[in-house]
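Naming convention: chains lettered A, B, ... in sequence-line order (proteins, then strands); numbering from 1 in each chain. Everything quoted here is computed from the prediction, not taken from an experiment.
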Number of protein chains: 2
Amino acid sequence: MNIGEASSASGVSAKMIRYYEEIGLIRPMGRSGNNYRVYGEEEVHILRFIKRARNLGFSLEETETLLKLWQDKSRESAAVKEVATAHIGDLERRIAEMQGMLKTLKHLAHCCGGDNRPNCPILDDLAGDGTPVPAARKKMRQTA
Amino acid sequence: MNIGEASSASGVSAKMIRYYEEIGLIRPMGRSGNNYRVYGEEEVHILRFIKRARNLGFSLEETETLLKLWQDKSRESAAVKEVATAHIGDLERRIAEMQGMLKTLKHLAHCCGGDNRPNCPILDDLAGDGTPVPAARKKMRQTA
DNA sequence: TGTGGAGCTTCCCATCATGGGAAGGTCAAG
DNA sequence: CTTGACCTTCCCATGATGGGAAGCTCCACA
């Protein structure tokens, strides 16, 4: 199997497959006489593993750790869970951060006329013009 | 005011201030005799605007647009709202994506013993071993 | 007056994961 | 034999930020 085939079989672009090899995430592939990389089912399986890990948001470094654990038949599942748990915490932190932005933005957008007049609470907020926008007298118990 | 002072007054690092100047986000600053950049209240205000926009997750490109709108006294607030709304959509998409990952990961982590045995549903899932993990017989009506 | 340290300047490099594209070799079908 | 689809390596770009070196300036203190 050439790289193109391995690519479509795994969902990882040829570019990325070469890159993963370069950074040592996957072993350098054997080459056929024409210097083309040669892949087998085994390698495609590994690539799919990587793809799936990336889809779940794991960094390449975390993916490498998981890959090693996967291939280590005497691993302790605790080690795997630890990586996953750390990533979960990371995602939660990032989601919370974005939700904070979202909340503020939605409020600002809600307060903005969005018409042909220049007056705009969004810009006022960005400019730090005193009050962080009049108020939100809804049932939001937000203070920050 | 030198760059260090402008930096602490605005919360934007000196490094970034120079960078913003380089990419044309802010006008090149005047220099004093010693070739040091000189800042005034006006500039600090602009830097704070940028800082705030960045804190709300706007890209530098979006920030530039907002900055121009801010300085354009004859803007239409609709233009500002449009930028904000697009960004809101963006955040919502990204949050949804991460929440998808989170859901899957939490489920997998929940199913993983996290002990000293090698058996691990997290790795099984990444490896794509058939069933995407036994099941979740909870009240989740998730199918994807 | 000299000196040390803090602060400024520019310039280059690294990050993280990915894509684009050029220049050139290879292979298979027509 | 040509054409086009592959493959190879190599370099560059992204976005926003930080690190650090080499060399300048400035101020305060002895």
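A salt bridge does not link B:Arg27 with B:Glu42: none of the charged nitrogens is closer than 4.0 Å to a carboxylate oxygen. Of the charged side-chain nitrogens involved, none lies within less than 4.0 Å of a carboxylate oxygen, so that A:Glu43 and A:Arg48 do not count as a salt-bridged pair.
A close approach under 4.0 Å does not occur between any side-chain nitrogen or oxygen of B:Ser13 and OP1 or OP2 of D:dT17. Neither OP1 nor OP2 of C:dT26 sits under 4.0 Å from any side-chain N or O of A:Arg31. Side-chain N/O atoms of A:Arg18 include none lying less than 4.0 angstrom from OP1 or OP2 on C:dG19.
For the atom pair CG (B:Asp125) and CG (B:Leu108), the distance works out to 4.5 Å, reported to the nearest 0.5 Å.
Within residues 54-61 of chain A, the residues having any heavy atom under 4.0 Å from DNA chain C are, by residue number, A:Arg54, A:Ser59, A:Leu60.
Computed from coordinates, the A:Met1 CE to D:dC6 C1' distance equals 16 Å when rounded to whole Å. With rounding to whole Å, B:Met29 atom CE is found 18 Å from C:dT10 atom C1'. We find that CD of B:Glu21 is positioned 12 Å from C1' of C:dT9, with the value rounded to whole Å. The distance from atom OH of B:Tyr19 to atom P of C:dT9 is 18 Å, rounded to the nearest whole Å. The interatomic distance linking B:Glu22 (CD) with C:dC11 (P) rounds to 9 Å, in whole Å. One atom, NZ of B:Lys15, and another, P of C:dC13, lie 13 Å apart when rounded to the nearest Å. For the pair A:Leu25 CG and C:dA17 C1', the computed distance is 12 Å after rounding to whole Å.
Residues forming a side chain to side chain donor-acceptor pair (under 3.5 Å) with B:Asn34 (at least two apart in sequence, or on another chain): B:Ser32. Under the ring pair (Phe, Tyr, Trp, His ring centres under 6.0 Å) criterion, B:Phe58 pairs with B:His87, not counting sequence neighbours.
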Only pairs under 3.5 Å count here: list side-chain donor-acceptor contacts from residues 12-26 of chain A, not counting sequence neighbours, and write none if there are none.
{"from": "A:Ser13", "atom 1": "OG", "to": "A:Met16", "atom 2": "N", "distance (Å)": "3.1"}
{"from": "A:Glu21", "atom 1": "OE1", "to": "A:Arg37", "atom 2": "NE", "distance (Å)": "2.9"}

Got a list of side-chain donor-acceptor pairs under 3.5 Å for residues 64-72 of chain B, not counting sequence neighbours?
{"from": "B:Thr65", "atom 1": "OG1", "to": "B:Glu61", "atom 2": "O", "distance (Å)": "3.2"}
{"from": "B:Asp72", "atom 1": "OD1", "to": "B:Ser74", "atom 2": "N", "distance (Å)": "2.9"}
{"from": "B:Asp72", "atom 1": "OD1", "to": "B:Ser74", "atom 2": "OG", "distance (Å)": "2.9"}

Each nucleotide of nucleotides 24-29 of chain D classed B (base within 4.0 Å of a protein heavy atom), S (only sugar-phosphate) or -, in 5' to 3' order, makes -BS---
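For B:Lys73 against A:Pro118, the heavy-atom pair with the smallest separation is O-CB, 3.4 Å.
For B:Ile3, taking side-chain heavy atoms from C-beta onward, the closest of the listed nucleotides C:dC8, D:dT8, D:dT17 is C:dC8. For B:Asn35, the side-chain atoms get nearest to C:dT9 when compared with the rest of D:dG19, D:dT8, C:dT9.
Nearest-nucleotide positions on DNA chain C for B:Tyr39 and A:Tyr20 put B:Tyr39 closer to the 5' end.
The backbone N or O of B:Cys120 sits nowhere less than 3.5 Å from a side-chain atom of A:Ser77 that would complete a donor-acceptor pair.
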